[in-house]
Protein chains: 2
Amino acid sequence: MNEGVEWALHSCLNLAWIGEERAVTAARLAAYHELPPAYLNKQLQSLVRAGILSSVPGCQGGFRLARSLDRITLMDVVTAIEGPDEAFRCTEIRGQGPGATTGRPTAECAIADAMGRADLAWRRELAAQTLADVRARAERQAPGAPDRIRRWFADL
Amino acid sequence: MNEGVEWALHSCLNLAWIGEERAVTAARLAAYHELPPAYLNKQLQSLVRAGILSSVPGCQGGFRLARSLDRITLMDVVTAIEGPDEAFRCTEIRGQGPGATTGRPTAECAIADAMGRADLAWRRELAAQTLADVRARAERQAPGAPDRIRRWFADL
DNA sequence: GTGGATATACTCGGATATTGACTGTCCGAGTAATATCGG
DNA sequence: CCGATATTACTCGGACAGTCAATATCCGAGTATATCCAC
């Protein structure tokens, strides 16, 4: 899986903790975790295209959450970064070679169907969890983190 | 996801339909779906290392199922080809940069935990389905396939 | 001193290199079948 | 004709290139701020 998913999730939580009063630049979000600034910017752009973040161009610009965390699921973020395709893609090799059933259209591939069920279970679990849930759990496990983050980003 | 997973699953089902009386070469299995023979051989070797297939070296050699389909899960095959690592890997970027909590070991990452739950749901679904289940469904959807396959592989 | 126009600095956005992993290929080790030769 | 041995053909197994997408970077478009100047 794309590494940008992890960066995007952390950045979304950081943006929520910072607050929405002003936009935060990609460079600043990247510096907090020592990530490549330009590449993180690329991932954030994907979130903007997906409607998860909104961007402000120009001086004093940056990114902010487009909607509250309880309306953003893990599935939303993963789809924004990774794309809509599922991991297992059936290339229908049944239709190649001497085993091909010439003429009539082939029935549903049982293998693709089985793999699709697993993929569906994965997506269900991702869609069931919102970033608000993740945030709540993170604050329970590390109560001091929100203040520490807010304070660091407040320093110009 | 690795394309070899699809090839491996189809090959396992084909081996089951052919029967276990004699080993089948990688070249023959590849020819049936017009796959690159040497590359399919590589994937089949992974299945051998995982104990799913057994291989017979030398002349008149080939591959055969090491155990019956009802004792092979989709999870087994995916793990054999893709490796044991889960799709989302947490690189613990919390521990990098100014946001790092110096000194004490960091608590469990809530993001990794949430992604891990989805991964677990995916694996559960893969482990719940055996190749015997997939075979049964395939035969229900295409009743003529088993005989057709057996006959083609019988021709030398 | 004040208002407006200009210059400036800063940030997003997309176009452009680079790297690593998946994909694909080739040759050697090992075995069964075959051919050869002697009895 | 029969048996033992050497040869051959064939297949797995791991080592070796090729290719594409993920990774990383750079430069231009656009905007708010600061500066400068005229009044």
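Residue numbers start from 1 in every chain, and the chains themselves are labelled A, B, ... in the order their sequence lines are given, proteins ahead of strands.
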Asks: Can you name the salt bridge (charged side-chain N to carboxylate O under 4.0 Å, His left out) partners of A/D85, sequence neighbours left out?
Replies: none

Asks: Contact class for B/A23 vs. all strands (heavy atom < 4.0 Å): base, sugar-phosphate, or nothing?
Replies: nothing

Asks: For A/R67, check salt bridge (charged side-chain N to carboxylate O under 4.0 Å, His left out) against everything at least two apart and list the hits.
Replies: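 Only A/D76 meet the salt bridge (charged side-chain N to carboxylate O under 4.0 Å, His left out) criterion with A/R67.
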
Asks: Which residues pass the ring pair (Phe, Tyr, Trp, His ring centres under 6.0 Å) test with A/W7, sequence neighbours left out?
Replies: A/Y39

Asks: If you compare every side-chain N and O of A/R28 against the phosphate oxygens of C/dC10 (OP1, OP2), does one of them come in below 4.0 Å?
Replies: no

Asks: For A/S68, enumerate each residue passing the side chain to side chain donor-acceptor pair (under 3.5 Å) test, keeping only those at least two apart in sequence or located in another chain.
Replies: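 In terms of side chain to side chain donor-acceptor pair (under 3.5 Å), with neighbours along the sequence ignored, A/S68 is linked to A/D70.
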
Asks: By salt bridge (charged side-chain N to carboxylate O under 4.0 Å, His left out), which residues pair with B/R89, not counting sequence neighbours?
Replies: none

Asks: Answer whether the closest heavy-atom distance between the side chains of B/H33 and B/L40 falls below 4.5 Å.
Replies: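 A side-chain contact is absent here, since even the closest heavy-atom pair is not under 4.5 Å.
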
Asks: Can you name the side chain to side chain donor-acceptor pair (under 3.5 Å) partners of A/T130, sequence neighbours left out?
Replies: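 Scan of A/T130 (side chain to side chain donor-acceptor pair (under 3.5 Å), adjacent residues dropped) gives A/D133.
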
Asks: Taking CG from B/D85 and C1' from C/dA21, how many angstroms apart are they, rounded to a whole number?
Replies: 14 Å

Asks: Which is true for B/A26 with a 4.0 Å heavy-atom rule: it touches a base, it touches only sugar-phosphate, or it touches nothing?
Replies: sugar-phosphate

Asks: So where does chain A start and stop touching DNA chain D, 5' to 3', when the test is distance under 4.0 Å to a non-hydrogen atom?
Replies: D/dT23 to D/dA32

Asks: For B/Q96 and B/T91, run side chain to side chain contact (heavy atoms under 4.5 Å, CB included): C-alpha distance rounded to whole Å, both residues' side-chain angles, the deciding distance at 0.1 Å, then the answer.
Replies: CA-CA 10 Å; B/Q96 300 174 1; B/T91 59; 5.6 Å; no

Asks: N/O contacts under 3.5 Å, protein versus nucleotides 30-34 of chain C?
Replies:
residue	atom	partner	partner atom	Å
C/dT31	O2	B/C59	N	3.2

Asks: So which pairs with a foot in residues 46-62 of chain B pass side chain to side chain donor-acceptor pair (under 3.5 Å), sequence neighbours left out?
Replies: none

Asks: Scan residues 33-45 of chain A against DNA chain C and write down, sorted by residue number, each residue with any heavy atom closer than 4.0 Å; if none is found, say none.
Replies: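 Output list: A/N41, A/K42, A/Q45.
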
Asks: For B/E82 and C/dC22, what is the distance between atoms CD and C1' respectively, to the nearest whole Å?
Replies: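 From B/E82 CD to C/dC22 C1': 10 Å.
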
Asks: Per the side chain to side chain donor-acceptor pair (under 3.5 Å) rule, what does the pair list look like for residues 137-146 of chain A, sequence neighbours excluded?
Replies: A/W17-A/E139, A/R135-A/E139, A/R137-B/D113

Asks: Among residues at least two apart in sequence or on other chains, which ones pass salt bridge (charged side-chain N to carboxylate O under 4.0 Å, His left out) with A/R94?
Replies: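 Salt bridge (charged side-chain N to carboxylate O under 4.0 Å, His left out) check on A/R94 returns A/E92.
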
